[in-house]
Amino acid sequence: MFTSLLSKISSRNLTCGFHTTSCLNEVRLLTRLRVVDNSEIGKRAMAEGKPPKVICVYNKQRVGYIGDRVMVAIKGQKKKGILVGLKQTQKVKVPKFDSNNVVLIDDNGTPLGTRIHVPIPTILRTILKERTHSKGADYTKLLSIATKFV
Amino acid sequence: MSLALRKTTDIVAATKWILRRGCLNLSTLPEKSEVLEQSGNEVKRRSGRKPVNPILKCRHVYPEFLPDPNPKWRNSLREKLERMDMLKRRNQIEIPEFYVGSILAVTISDPHAQSKTNRFVGICIERKGSGLRAEFTLRNVVDHQGVEIRYDLYDPTIHQIQVLRLEKRLDDKLFYLRDALPEYSTFPFDMDPEILPEGTPVPINPVQVKLKPRPWLERWERQELKGISNIEEHLKEKDRVRRELRKKPWEKYDLMLQYRKTIPIEEQNDIWSEVYNQLHQLQVSQKKISRKRTYSTPKTQLG
């Protein structure tokens, strides 16, 4: 009887002896994103239930933060996009969204769609202006198609 | 040696606390302590004990004035300085009484926005931290997209914190709203503030939310939440068995656990006697201002 009790206790210890934490929800390689603009390819991919996958994040850490440029695989094509809302825990006063949102752009920074139908964080305005250089890509066009800022 | 000494002093303090506790739970958690307090009051009426110190009720209205009970993070000087700074900030702007489940509108100055100010409305789903690090999280669903923003309570960029609806919910944290149907966390930005008649206790909203089907962000079934109505229909037999296995029914009898989670009554008395007068004065002056605002005499029309 004693041994059975001991074995019970040890098995209980095995099952709940380790500590688990919640996941970080980072945007990295092969993360699924949600396209939030009304571009044709994005709309069709979301309707088919095949949201785009990240295949590259263009920064040193290879982890996408707000305003970062990513390359996504969408409907068998390679497209570039900008992260406009993240699930991950954010800094104070920066909104945290329920999904990882992306807006598709082309190489010049011009968005493929004409309307963004979810709110956009205001901090993106500053971030994208900083990333825009006079002769490089112009990302601020994305801000003009946004409908709402939070 | 010193460790052993500290341990013995800890035990002595705990036994003192337990002996003198007398059914009064000192936690800052709103509902649970309230219920316990009520039962404690009944006991008191029967046994004829002296009434509770009224300034101890501040711990629900201003929970951030109490330090974190973990002795590792205690520092009496820092706590005192922080309290002074908090009072100074409260002299500058009105930080109203609110609870988890209240609906707030926060206006901050935002250098990134075009109008340089940003207003967000949402339900408070979490309130944590103590001292100047106190923070709260607002949640809303805007254009079918769930948005959450975390604010520091004593952030100097905050222009205004307005309570649109003062109420409590059944739970201490409302993280399950992330997995609930979106209508439970949708609030219009042009909501009008609802004014409670003076002297009424803060109402508890007994609404029970419906969860979306799985997958969920957390294992809600293990957390003994009262604010969820349809959790049983999403569970499998396996989940029910594991919930039973992980239950900790002994925790409510664990006096040491409660002691470690709360600030002892002597220390609370010190803290509240230090700040109560100023807080009370602030409350009175702000009430006057708000009365002026609500009963403004209409201007007589010319002609």
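In what follows, chains carry the letters A, B, and so on, assigned in the order in which the sequence lines appear, proteins first and then strands, with residues in each chain numbered from 1.
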Asker: Closest heavy-atom contact between A/Pro119 and B/Gln145?
Answerer: CD-CB, 4.2 Å
Asker: Under 4.5 Å heavy-atom distance to chain A, tell me which part of B/Asp152 shows up: side chain, backbone, both or neither.
Answerer: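 Both backbone and side chain.
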Asker: Could you state the interatomic distance from CZ (A/Phe149) to CG (B/Asp110), rounded to the nearest 0.5 Å?
Answerer: 11.0 Å
Asker: Under 4.5 Å heavy-atom distance to chain A, tell me which part of B/Asn140 shows up: side chain, backbone, both or neither.
Answerer: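 It is neither, since no heavy atom gets under 4.5 Å.
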Asker: Within the 4.5 Å heavy-atom criterion, are B/Asp143 and A/Lys148 side-chain neighbours or not?
Answerer: yes
Asker: Just wondering, do A/His117 and B/His144 contact through their side chains at under 4.5 Å, heavy atoms?
Answerer: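 Heavy-atom side-chain distance check fails, nothing below 4.5 Å.
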Asker: Answer yes or no: are there more than 12 heavy-atom neighbours, outside B/Lys212 itself, under 6.0 Å from its atom NZ?
Answerer: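 Atom NZ in B/Lys212 is crowded, with more than 12 foreign heavy atoms closer than 6.0 Å.
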Asker: Which pair of non-hydrogen atoms, one from A/Phe97 and one from B/Val147, has the smallest distance, and what is that distance?
Answerer: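 Answer, listing the atom of A/Phe97 first, then B/Val147: CE2-CG2, 3.8 Å.
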Asker: Checking heavy atoms, do the side chain of B/Glu218, its backbone, both or neither come under 4.5 Å from chain A?
Answerer: neither
Asker: Show your reasoning for whether side-chain hydrogen bond (donor to acceptor under 3.5 Å, both in side chains) applies to B/Thr157 and A/Lys93.
Answerer: CA-CA 10 Å; B/Thr157 61; A/Lys93 294 186 280 182; 3.1 Å; yes
Asker: Heavy-atom cut-off 4.5 Å, strictly under: side chain, backbone, both or neither for A/Lys91 against chain B?
Answerer: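 Backbone only.
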Asker: Should the heavy atoms of other residues, nucleotides or ligands under 6.0 Å from CD of B/Glu233 be counted, would the total exceed 12?
Answerer: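 Enclosed.
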Asker: A/Asn101, A/Thr89, A/Val94: which one forms the most heavy-atom pairs within less than 4.5 Å of chain B?
Answerer: A/Asn101
Asker: Tell me, yes or no, whether the heavy-atom count around B/Glu194 atom CD, taken from other residues, nucleotides or ligands under 6.0 Å, exceeds 12.
Answerer: yes
Asker: Might you confirm whether atom CZ of B/Arg242 has over 12 heavy atoms from other residues, nucleotides or ligands at distances under 6.0 Å?
Answerer: no
Asker: For atom CZ of B/Arg78, decide whether the heavy atoms of other residues, nucleotides or ligands shown that lie under 6.0 angstrom number more than 12.
Answerer: yes
Asker: Tell me whether B/Arg133 at atom CZ has more than 12 heavy atoms from other residues, nucleotides or ligands lying less than 6.0 Å away.
Answerer: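 Atom CZ in B/Arg133 is crowded, with more than 12 foreign heavy atoms closer than 6.0 Å.
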Asker: Counting only non-hydrogen atoms closer than 4.5 Å, does B/Arg139 touch chain A with its backbone (N, CA, C, O), its side chain (CB onward), both, or neither?
Answerer: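 Contact with chain A: side chain only.
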Asker: State whether the number of non-hydrogen atoms from other residues, nucleotides or ligands found under 6.0 Å of A/Lys141 atom NZ is greater than 12.
Answerer: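 Correct, the count exceeds 12.
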Asker: Answer with side chain, backbone, both or neither: which region of A/Val150 has an atom nearer than 4.5 Å to a non-hydrogen atom of chain B?
Answerer: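 When you check distances to chain B, atoms from both the backbone and side chain of A/Val150 fall under 4.5 Å.
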Asker: Just how far is it from atom CG of A/Asp98 to atom CD of B/Glu148, taken to the nearest 0.5 Å?
Answerer: 6.0 Å
Asker: Does NZ in B/Lys116 sit with more than 12 non-hydrogen atoms of other residues, nucleotides or ligands closer than 6.0 Å?
Answerer: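 Yes, NZ of B/Lys116 has more than 12 neighbouring heavy atoms, counting only those of other groups under 6.0 Å.
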